[in-house]
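Reading through the structure tokens given below for one structure.
Throughout, numbering of the chain's residues begins at 1 and tracks the sequence. Only this structure's heavy atoms are used, side chains among them; waters, hydrogens and symmetry mates stay out. All values reported here derive from a predicted model rather than from experimental measurement.
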Amino acid sequence: MTGLEITSAIPPIYADYCTIELPETELDDDSQRRHDQALVGALSGHSGAQPWWLGYLEMGSGEDVVFSDAPRVTLYSGWHYVLIEAGPRQAASWRSYGFEGPWKGPLPDLMFPRDRSWLMSTLWDDDWTCVGGSAALVTSLLDHPDLRTRARRVALGEDATPPGHIAR
């Protein structure tokens, strides 16, 4: 599905939704780490001890996918992802900081727990992350001191593009 609504990245099955702007690419690695730790920490607080699925978009260079020989799944508008069952610790460590490839930061492009109680997706051409989950999860993201200035709640049917950004 394509378009400007949150459902371009997250299916319309969750109680609540938000977008979180990614840190500026020219910021130091410490700002990126704080962002990533805050996001992974908040998501972890709403998934318990179950494993997560981590998805890495294949952009064609081979260096962008953590496991280049793993099978692919096709999502969204025909995009190929490597999907690996792991957890929050691996989500924040399988790509390194200072990654010079086409992507923004080391976190996977797609994350969700085994029970699918939430979904986080960063589409290849956006400079924000979309999250769908419980109202409590979205509120924790909106209230987190390291995320709140870049996070905003989005309703179904609303343009999910953060103010000042351009959807590509």
Side-chain angles (χ1 to χ4, degrees), residues 1-23 32-58 65-67 70 72-77 79-95 103-163 165 167:
M1 182 182 268
T2 60
L4 300 177
E5 296 178 18
I6 195 82
T7 53
S8 292
I10 308 290
I13 60 171
Y14 295 101
D16 211 355
Y17 303 86
C18 72
T19 59
I20 305 166
E21 297 173 55
L22 297 173
Q32 183 73 51
R33 275 190 186 87
R34 278 196 316 276
H35 170 87
D36 295 348
Q37 289 171 351
L39 183 56
V40 169
L43 295 171
S44 294
H46 292 269
S47 58
Q50 65 184 308
W52 290 11
W53 286 100
L54 309 178
Y56 297 90
L57 178 62
E58 180 177 41
V65 176
V66 173
F67 297 100
R72 300 331 191 232
V73 296
T74 303
L75 302 171
Y76 302 114
S77 297
W79 300 341
H80 303 289
Y81 287 79
V82 168
L83 201 57
I84 306 293
E85 188 176 41
R89 190 170 51 88
Q90 291 82 14
S93 66
W94 279 348
R95 282 185 181 155
W103 203 237
K104 306 138 185 140
L107 288 183
D109 312 315
L110 190 70
M111 294 191 291
F112 57 92
R114 182 181 280 166
D115 70 2
R116 297 183 176 104
S117 57
W118 53 261
L119 173 65
M120 185 229 75
S121 177
T122 306
L123 298 178
W124 75 272
D125 54 352
D126 291 340
D127 55 357
W128 62 89
T129 294
C130 296
V131 178
S134 67
L137 169 61
V138 170
T139 297
S140 72
L141 295 167
L142 295 171
D143 291 345
H144 195 287
D146 290 325
L147 301 174
R148 67 177 163 222
T149 61
R150 296 186 316 274
R152 74 179 182 100
R153 183 170 269 117
V154 178
L156 291 177
E158 180 181 359
D159 184 344
T161 309
H165 293 258

Which residues pass the side-chain hydrogen bond (donor to acceptor under 3.5 Å, both in side chains) test with Thr19, sequence neighbours left out?
-> none
One should read off an interatomic distance between Arg150 CZ and Asp127 CG, to the nearest 0.5 angstrom, of 11.5 Å
Gln37 side chain to Arg34 backbone, donor-acceptor under 3.5 Å | no
Pick from Leu156, Leu119, Val154: which one makes a side chain to side chain contact (heavy atoms under 4.5 Å, CB included) with Ile10?
-> Leu119
Could you list the residues that satisfy salt bridge (Lys or Arg N to Asp or Glu O under 4.0 Å) with Arg114, not counting sequence neighbours?
-> Glu85
CG/Leu141 to CD1/Ile20 distance, rounded to the nearest 0.5 angstrom?
-> 4.5 Å
Residue set satisfying side-chain hydrogen bond (donor to acceptor under 3.5 Å, both in side chains) with Asp143, at least two apart, ordered chain then number -> none
Nearest heavy-atom approach of Gln90 to Gly87 is OE1-N, 3.0 Å
With side-chain contact (heavy atoms from CB on, under 4.5 Å) as the test, would you mind laying out the steps for Met111 and Leu54 before giving the verdict?
-> CA-CA 5 Å; Met111 294 191 291; Leu54 309 178; 3.8 Å; yes
4.5 Å side-chain heavy-atom contact, Leu147 and His35 = yes
Enter the distance from His46:NE2 to Ser140:OG here, rounded to the nearest 0.5 Å.
-> 3.5 Å
Please answer whether the main-chain N or O of Arg72 pairs with a side-chain N or O of Glu58 as donor and acceptor at a distance below 3.5 Å.
-> no
Please step through side-chain contact (heavy atoms from CB on, under 4.5 Å) for the pair Val40 and Trp52, ending with a clear verdict.
-> CA-CA 11 Å; Val40 169; Trp52 290 11; 4.1 Å; yes
Nearest heavy-atom approach of Gly55 to Pro108 is O-CB, 3.5 Å
Could you tell me whether a side-chain N or O of Asp126 sits under 3.5 Å from a main-chain N or O of Trp128, the two making a donor and an acceptor?
-> no
Do you know which two heavy atoms are closest between Ala135 and Ala15, and how far apart they sit?
-> N-CB, 4.2 Å
Got Leu110 and Trp53 here, is their nearest side-chain heavy-atom distance under 4.5 Å?
-> no
Side-chain (Asp109) to main-chain (Leu57) donor-acceptor, under 3.5 angstrom = yes
Side-chain contact test, heavy atoms from C-beta onward, threshold under 4.5 Å: evaluate it for Tyr17 versus Cys130 and give yes or no.
-> no
Atom CG of Leu75 and atom NE2 of His80: how far apart are they, to the nearest 0.5 Å?
-> 10.0 Å
Sorted by first residue and then second, give each salt bridge (Lys or Arg N to Asp or Glu O under 4.0 Å) pair with at least one member in residues 44-55; sequence neighbours left out.
-> none
How many angstroms lie between atom OH of Tyr56 and atom OH of Tyr81, to the nearest 0.5 angstrom?
-> 12.5 Å
Check side-chain hydrogen bond (donor to acceptor under 3.5 Å, both in side chains) between Arg153 and all other residues, then give those that pass, not counting sequence neighbours.
-> Asp16, Thr139
Taking all non-hydrogen atoms of both residues, which atom of Ser47 and which atom of Leu43 are closest, and how far apart?
-> OG-O, 3.3 Å
Any residue meeting side-chain hydrogen bond (donor to acceptor under 3.5 Å, both in side chains) with His144, in chain and number order, not counting sequence neighbours = none
Heavy-atom side-chain contact between Thr122 and Leu107 under 4.5 Å = no
Closest approach of Ala70 and Ile84, non-hydrogen atoms and distance?
-> CB-CD1, 4.2 Å
Using a 4.5 Å cut-off on heavy atoms from C-beta on, say whether the side chain of Arg152 contacts that of Pro163.
-> yes
Does some side-chain heavy atom of Ile6 sit less than 4.5 Å from a side-chain heavy atom of Tyr14?
-> no
